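As structure tokens, the structure follows; a few thoughts come after it.
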Amino acid sequence: MSSISALEQRYHQLQSAIQDTAARYGQPIPQLLAVTKKQPAEKIATLYQCGHRDFAESYLQEALQKQATLTNADINWHFIGPIQSNKTRDIAAHFQWVHSVDRLKIAQRLSQQRPTEAAPLQICVQVNIDTSSTKSGVSPEEATTLCAAISTLPNLRLRGLMCIPEPQATLSLQRAPFAALKALHHTIRASLPAPCAADFDTLSMGMSSDYQAAIAESATLIRVGTALLGARQT
Ligand SMILES: *Cc1c(COP(=O)(O)O)cnc(C)c1O
């Protein structure tokens, strides 16, 4: 029981820290995505009891197993991990959002494989904003072309951009790549046709160690794992 109430407490503390940070920088309060990869389904159930509905997973098989035990129809599942072509059918069928699209081929498959009775799949394009060698994502130059192509695909709704910058030691160093993603988002939105531009409202940026910097640069959605749920199982 004590670990459950500890999680509830951390959840409420994190929500107030997010609100305080937004107020400090004069920014809107972003949506919190609970990153539950390598965390047991019980923790998802606990956060659900607290009223939380948006959960993110990185590994498809693990996510499908947890989804089978958590049948609440109003959970929004977000896929945030690297995507291989052979995984797109299950992702298209079992998630509401995909944040990690970085190839047109993957977007085309998600579009074709999204069940016709389902709402459009919400898509973010992952950008390698600080062009680090280790992370996936398109270059900022490629992002505009990829977004234009995705915006024409049926069964998808292009919502915005996502990034995972390299860790940085100070808040101001952390802010730089988030500011760059925000500027790129602005440019791409201006290039999209009006109905698509209206949908393109999401900046998915900021994790446990840098969400405050992301909020300072007007993140609309932050993805927090460790700071909420504790260390992941290995
Ligand atoms: C794991 C992960 C997170 C959460 O990381 P924490 O540092 O535990 O908050 C956020 N986004 C992505 C894409 C991840 O893979």
Side-chain angles (χ1 to χ4, degrees), residues 6-7 10-18 21 30-41 43-44 46-47 52-66 76-84 87 91 94-103 106-107 110 121-138 143 159-171 173-175 177-178 180-182 185 202-217 219-234:
L7 175 55
R10 270 204 305 274
Y11 177 67
H12 295 298
Q13 281 165 353
L14 178 60
Q15 292 283 20
S16 20
I18 291 167
T21 305
Q31 187 185 5
L32 170 64
L33 203 52
V35 177
T36 48
K37 65 182 180 209
K38 309 259 173 152
Q39 300 281 0
K43 290 190 181 178
I44 300 178
T46 300
L47 290 174
H52 198 75
R53 293 293 179 269
D54 287 83
F55 298 92
E57 294 279 339
S58 303
Y59 308 106
L60 179 64
Q61 291 315 317
E62 180 196 339
L64 294 179
Q65 279 171 17
K66 282 187 241 177
N76 296 315
W77 292 104
H78 299 244
F79 193 82
I80 60 172
I83 307 172
Q84 292 133 335
K87 303 285 168 62
I91 293 172
H94 296 281
F95 290 81
Q96 282 73 45
W97 281 72
V98 182
H99 293 242
S100 43
V101 171
D102 63 0
R103 279 182 292 156
I106 294 296
L110 292 170
L121 188 59
Q122 315 291 313
I123 300 289
C124 288
V125 164
Q126 183 174 352
V127 182
N128 188 351
I129 194 68
D130 50 2
T131 55
S132 60
S133 51
T134 51
K135 295 282 194 260
S136 39
V138 286
R159 295 300 300 272
L161 303 178
M162 182 272 240
C163 71
I164 312 173
E166 288 290 289
Q168 298 291 345
T170 68
L171 187 92
L173 288 173
Q174 288 174 347
R175 284 181 69 161
F178 295 139
L181 195 75
K182 176 185 168 184
H185 181 269
T202 300
L203 272 172
S204 170
M205 57 188 199
M207 315 190 351
S208 290
S209 55
D210 57 11
Y211 74 82
Q212 291 172 320
I215 292 174
E217 296 298 341
T220 66
L221 191 155
I222 61 173
R223 309 177 310 270
V224 178
T226 320
L228 174 61
L229 294 138
R232 287 184 272 276
Q233 296 163 332
T234 48

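Computation of the quantities below employed the complete heavy-atom set of this structure, encompassing side-chain atoms and omitting hydrogens, waters and symmetry-equivalent molecules. Remember, it's 1-based here, ligands and their atoms both numbered in the order they're listed. Quick caveat, the model's predicted, so the values are computed rather than measured.
- The aromatic rings of His78 and Trp97 lie parallel to each other, with less than 30° between the two planes, well short of the 60° mark.
- Near Ile164, meaning under 4.0 Å from one of its heavy atoms, ligand 1 places the atoms 13 (C).
- Contact record, Pro165 with Pro177: CB-CG, 3.7 Å, taken as the closest heavy-atom pair.
- Of the possible donor and acceptor atoms, one in the side chain of Lys66 sits under 3.5 Å from a partner among the backbone N and O of Thr36.
- The two residues Ala219 and Met205 come nearest to each other via the heavy atoms CB-O, 3.5 Å.
- For ligand 1, the atoms sitting less than 4.0 Å from at least one non-hydrogen atom of Ser58 are 15 (O), numbered in the order shown with element in parentheses.
- Looking at Arg223 next to ligand 1, an N or O pair under 3.5 Å apart turns up.
- Using a 4.0 Å cut-off between heavy atoms, Arg232 contacts ligand 1 through its side chain alone, with no backbone atom that close.
- Closest to atom 10 (C) of ligand 1, if we only count protein heavy atoms, is Met207 SD, 3.4 Å.
- Not a single N or O atom of Val224, backbone or side chain, sits closer than 3.5 Å to an N or O atom of ligand 1.
- Counting protein heavy atoms only, atom 6 (P) of ligand 1 is closest to Ser208 OG, 3.4 Å.
- The aromatic rings of Phe55 and Trp77 lie tilted to each other, with the angle between the two planes from 30° to 60°.
- Salt bridge status for Glu57 with Lys37: absent, with no side-chain N to carboxylate O gap under 4.0 Å.
- Between Asp54 and Gln31, the side chains place a donor N or O and an acceptor N or O closer than 3.5 Å (distance only, hydrogens not considered).
- The nearest protein atom to atom 12 (C) of ligand 1, hydrogens excluded, is given as Ile80 CD1, 3.5 Å; this is a heavy-atom distance.
- For ligand 1, the atoms sitting less than 4.0 Å from at least one non-hydrogen atom of Thr226 are 6 (P), 7 (O), 8 (O), 9 (O), numbered in the order shown with element in parentheses.
- Protein heavy atom at the shortest distance from atom 14 (C) of ligand 1 is Lys37 NZ, 3.0 Å.
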